[in-house]
Colleague: 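First, the structure itself, so that you have it in front of you.
Atoms within a ligand are numbered from 1 in the order they appear, just like the ligands themselves. Because only heavy atoms are used, hydrogens play no part in the values below, and waters and symmetry mates are left out as well, while side chains stay in.
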Amino acid sequence: MRTATIKRKTKETDIEVTVDLDGTGVAKAATGIGFFDHMLDLLAKHSRIDITVKAVGDLHVDFHHTTEDVGIALGQAVKQALGNMAGITRYASIFMPMDETLTRVVIDVSGRPFLVFKADFPRDKIGEFDTELVREWFQAFAINAGVTLHVETLYGENSHHIAESCFKGLARALRAAVAIDPKTAGEVPSTKGQLGG
Ligand SMILES: [Mn+2]
């Protein structure tokens with residue numbers, strides 16, 4: 001079973017995340033931030049990873065701590081659920097359109113944490129959500145999941161579409177990269193014989 005639950009509590013946030021990499025895309029996202037829940041719903045739906053997120057954070061300050069800490073916990077959960085990564089496809093690349101926007105997402109599920117994020121948002125906010133937090137979430141997720149992740153919005157005008165194409169692109173890339181590749185017969189996809197260290 002490729003599942004994991006992470007509980008993470010600080011003075012700023014109290015978070016519980018559960019993932020099932022071999023799920024059907026069921027999302028239960030309750031972060032108190034409507035737009036962020038929308039992004040987590042998309043992530044689950046299009047990755048087919050079941051994702052449950054319960055987060056109680058200091059939203060009276062702003063949305064930064066809650067957004068970042070959910071990224072940390074979700075990344076840790078994915079990493080734990082992957083285990084020794086035997087049999088996974090490992091690499092994937094996706095071009096994700098959303099109306100006028102096009103975003104490219106390339107992932108290496110490798111135990112090598114790295115983020116390249118190139119997306120410019122025309123607006124500072126989507127609803128009450130600061131668009132700069134999209135990068136913060138991707139940074140927290142990539143580092144804690146232990147994945148190399150390159151996200152670039154090639155063009156786009158609408159900030160909601162740009163954010164959505166980033167999350168949907170990650171979803172489809174993750175779906176392909178964590179899928180079990182039947183040709184590998186359970187081998188770890190590395191000439192080193194191991195991933196993640
Ligand atoms: Mn939307």
Side-chain angles (χ1 to χ4, degrees), residues 13 15-21 23-59 61-75 77-78 92-107 115-142 144-145 147 149-179:
T13 61
I15 293 170
E16 182 172 337
V17 170
T18 298
V19 300
D20 180 352
L21 300 184
T24 56
V26 176
K28 290 183 196 132
T31 66
I33 306 169
F35 179 76
F36 189 33
D37 288 349
H38 179 38
M39 294 300 105
L40 294 170
D41 284 347
L42 296 172
L43 182 61
K45 178 72 178 176
H46 294 286
S47 66
R48 292 188 67 80
I49 297 172
D50 291 346
I51 298 174
T52 302
V53 176
K54 284 182 254 170
V56 179
D58 56 357
L59 303 183
V61 177
D62 66 8
F63 296 171
H64 192 118
H65 300 142
T66 300
T67 305
E68 181 175 22
D69 292 359
V70 167
I72 291 171
L74 190 57
V78 167
S93 56
I94 292 287
F95 285 89
M96 179 58 65
M98 173 115 197
D99 294 353
E100 85 299 339
T101 295
L102 185 66
T103 296
R104 181 185 60 223
V105 178
V106 182
I107 196 167
L115 177 72
V116 175
F117 188 90
K118 297 182 180 180
D120 293 323
F121 293 92
R123 301 179 70 100
D124 292 337
K125 285 185 181 285
I126 303 168
E128 292 182 280
F129 188 85
D130 294 308
T131 48
E132 67 182 14
L133 296 179
V134 176
R135 171 195 280 273
E136 295 302 309
W137 185 88
F138 272 82
Q139 175 75 13
F141 177 81
N144 287 277
V147 300
L149 185 57
H150 292 242
V151 179
E152 182 169 19
T153 296
L154 303 175
Y155 43 82
E157 293 171 16
N158 179 285
S159 293
H160 189 121
H161 293 165
I162 292 169
E164 195 158 326
S165 67
C166 292
F167 277 91
K168 280 183 175 169
L170 171 63
R172 289 301 295 245
L174 258 183
R175 174 174 167 177
V178 307

Colleague: Please find the pair of heavy atoms, one from E128 and one from F63, that lie closest to each other, and give the distance.
Modeller: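 Reported closest heavy-atom pair: O-CE1, 3.5 Å.
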
Colleague: If you consider just the N/O/S atoms, which atom of E164 is the closest one to the Mn ion (ligand 1)?
Modeller: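 It is OE1, the N, O or S atom of E164 closest to the Mn ion (ligand 1).
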
Colleague: Is the F167-H38 ring centre distance short of 6.0 angstrom?
Modeller: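 No; H38 has its ring centre 6.0 Å or more from that of F167.
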
Colleague: Among M96, K45, M39, find the residue that satisfies the side-chain contact (heavy atoms from CB on, under 4.5 Å) test when tested with K168.
Modeller: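 The passing option is M96.
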
Colleague: I'd like to know if the Mn ion (ligand 1) has an N/O/S atom from H161 within less than 2.8 Å of it, counting both backbone and side-chain atoms.
Modeller: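 No, since none of the N, O or S atoms of H161 sits under 2.8 Å from the Mn ion (ligand 1).
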
Colleague: Please note down the angle at the Mn ion (ligand 1) between NE2 of H160 and NE2 of H38, to the nearest 10°.
Modeller: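 It comes to 100°.
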
Colleague: Restricting to non-hydrogen atoms, name the atom on A92 and the atom on A173 that form the minimum distance, rounded to 0.1 Å.
Modeller: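 Nearest pair, atom of A92 first, then A173: CB-O, 3.3 Å.
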
